[in-house]
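Each remark here refers to the structure printed beneath this line.
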Protein chains: 2
Amino acid sequence: MSIDSVHMNVMLKTEAIARLVDVFRQYGYDGTSMAKIAEATGLGKSSLYHHFPGGKEEMATAVLDYLSQCLNTGLLAPLQQSGEPLDRLRAMNRNIDQYYNHGQKACLLAMLAMGESSDRFRTQVSHILNSWIEAIAEVLIEADFEPELARQRAEDAIIQIQGAIILTQGLSTTAPFKRILNHLPETLLQPVIPSGLL
Amino acid sequence: MSIDSVHMNVMLKTEAIARLVDVFRQYGYDGTSMAKIAEATGLGKSSLYHHFPGGKEEMATAVLDYLSQCLNTGLLAPLQQSGEPLDRLRAMNRNIDQYYNHGQKACLLAMLAMGESSDRFRTQVSHILNSWIEAIAEVLIEADFEPELARQRAEDAIIQIQGAIILTQGLSTTAPFKRILNHLPETLLQPVIPSGLL
DNA sequence: GCTACTGTACCGAACGTTTGGTACACTCCA
DNA sequence: TGGAGTGTACCAAACGTTCGGTACAGTAGC
């Protein structure tokens with residue numbers, strides 16, 4: 001096998017995986033049939049089983065791996081650059097808004113975290129969520145928050161993003177998602193209110 | 001048909017529906033097969049079609065109707081009673097914590113709001129979510145919040161609950177759900193901070 | 001009070017279709 | 001010429017659904 005063919009394979013396979021992301025997150029694991037997979041990738045069954053001997057489950061696993069990589073390069077990288085914490089959080093938000101199409105696109109993590117198939121992908125889902133949370137928490141720690149509070153607020157960020165997606169889909173309005181995303185950076189960096197003020 | 005037999009039928013059918021709630025919210029719409037439905041209800045497949053001529057889709061619809069009724073009697077009723085707003089919100093929270101088993105049980109609304117089957121149940125899901133939001137908003141309006149802000153905070157409550165369920169399932173920890181639920185009543189009633197204080 | 005009829009609840013078995021997955025011969029390119 | 005990749009045909013199993021039929025309670029007519 002030459003270097004070129006290796007590159008070709010990787011290219012084509014990752015492109016197929018990239019197309020599968022949208023299929024799985026639109027229909028869920030059970031709702032995604034081999035017919036839909038074949039149509040989305042333009043590949044026949046035999047080709048699919050050639051690239052993914054493990055079948056449907058391996059495809060979903062590959063999709064999660066791909067998503068984890070996208071998370072690192074697209075979402076977390078901006079967080080780890082230099083600059084004001086507020087600016088870095090806003091950069092992440094722009095990517096989130098684009099990726100989820102203002103909350104109209106379902107979240108694959110949520111689809112696989114809930115439901116029958118949850119056990120199979122629990123490890124991967126948990127890993128991706130933790131990476132995301134920790135990346136946000138580190139920014140908050142840099143902004144002089146206590147590590148414990150930083151972790152809590154980072155979790156809150158994910159909670160609000162995921163919840164906003166559900167509400168956006170359930171109410172067929174992008175308003176909640178946009179509002180949450182707009183407030184998120186300032187909310188995360190909001191100073192702790194001394195209890196004496198209340 | 002006698003009165004007794006009517007009552008028998010209604011009883012049995014709603015009991016079947018009650019059992020189906022957990023099946024649908026555990027496996028999702030696509031993941032719920034007629035075999036699982038038959039097992040959960042103790043009825044044969046053909047008997048199910050006697051009660052639900054519309055098949056699987058009618059069963060899911062019935063489950064959503066049942067859930068809407070449960071929401072009104074179990075969650076919203078405490079909100080509409082007399083008493084301090086804070087106490088009423090805490091009463092709702094206790095029911096939520098119990099119903100979702102500390103976030104370990106998936107939310108059927110979320111399962112049906114996302115995914116392939118979303119279009120079929122959009123109307124019902126939207127209606128249930130709106131009822132829930134409006135019930136919370138009314139409590140906040142009674143607590144002297146502006147209607148617009150009350151609606152926003154009520155939406156935030158649902159967002160946080162739904163997001164917390166996802167995170168709880170994704171991370172296999174009930175900690176986020178418990179923390180969110182504990183803070184929720186106070187957060188909802190937290191006075192608006194004059195911008196001059198920041 | 002007996003009979004015939006009706007409606008409801010339920011079931012086993014089968015329906016046709018789709019599922020995820022396999023076997024194998026073929027092409028293409030190094 | 002040999003291995004990677006693909007198209008065709010195929011499989012058993014499961015899918016949601018329908019069929020024909022049984023059991024039984026209630027009702028009406030005689």
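Numbered from 1 within each chain, the chains take letters A, B, ... in sequence-line order.
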Next item on the list: Remember a base hit wins even if backbone is also touched, and classify Ser46(A) as base, sugar-phosphate or nothing at under 4.0 Å, heavy atoms.
Entry: base
Next item on the list: Look at all strands and tell whether Thr32(B) reaches a base, only sugar-phosphate, or nothing, counting heavy atoms closer than 4.0 Å.
Entry: sugar-phosphate
Notebook entry, point to check: In whole Å, what is the span from the CG atom of Leu48(B) to the C1' atom of dG12(C)?
Noted result: 14 Å
Notebook entry, point to check: To the nearest Å, how far apart are Met59(B) CE and dC15(D) P?
Noted result: 14 Å
Notebook entry, point to check: Given atom CD of Glu58(A) and atom P of dT22(C), what is their separation to the nearest angstrom?
Noted result: 12 Å
Note to self: Counting neighbours of CD on Glu58(A) that are heavy atoms of other residues, nucleotides or ligands and sit closer than 6.0 Å, is the number greater than 12?
What the structure shows: yes
Next item on the list: Would you mind reading off the distance between Asp30(B) atom CG and dT19(C) atom P, rounded to a whole angstrom?
Entry: 11 Å
Check: So does Lys56(A) reach the base of dG21(C) with its side chain, donor to acceptor, closer than 3.5 Å?
Finding: no
Check: Between atom CZ in Phe52(B) and atom C1' in dG16(D), what is the gap in whole Å?
Finding: 15 Å
Margin query: Distance check needed: dT8(C) P versus Lys13(B) NZ, whole Å only.
Written below: 12 Å
Check: So, is His50(B) near the phosphate of dC10(C), with a side-chain N or O under 4.0 Å from OP1 or OP2?
Finding: no
Next item on the list: Taking the six-membered ring of Phe24(B) (Phe, Tyr or Trp), confirm whether the NZ or CZ of Lys56(B) is under 6.0 Å from its centre and within 45° of its axis.
Entry: no
Margin query: So, OP1 or OP2 of dG21(C): does either fall under 4.0 Å of a side-chain N or O from Tyr49(A)?
Written below: yes
Item checked: ring-ring contact (aromatic ring centres under 6.0 Å, His included) partners of residues 119-157 of chain A, not counting sequence neighbours, each pair once -> Tyr29(A)-Phe121(A)
Check: Counting side-chain heavy atoms from CB outward, which of dT19(C), dA9(C), dG20(C) is closest to His51(B)?
Finding: dA9(C)
Note to self: Under 4.0 Å between a side-chain nitrogen and a carboxylate oxygen: does that hold for Arg122(B) and Asp119(B)?
What the structure shows: yes
Check: Between Arg151(A) and Glu146(A), does at least one N-O distance fall below 4.0 Å, as a salt bridge requires?
Finding: no
Note to self: In this structure, how many angstroms lie between the C1' atom of dA9(C) and the CG atom of Leu43(B), rounded?
What the structure shows: 9 Å
Next item on the list: In whole angstrom, give the distance that lies between atom CD of Glu39(A) and atom P of dG7(D).
Entry: 15 Å
Check: For dC10(C), does either OP1 or OP2 sit under 4.0 Å from a side-chain N or O belonging to Ser47(B)?
Finding: no
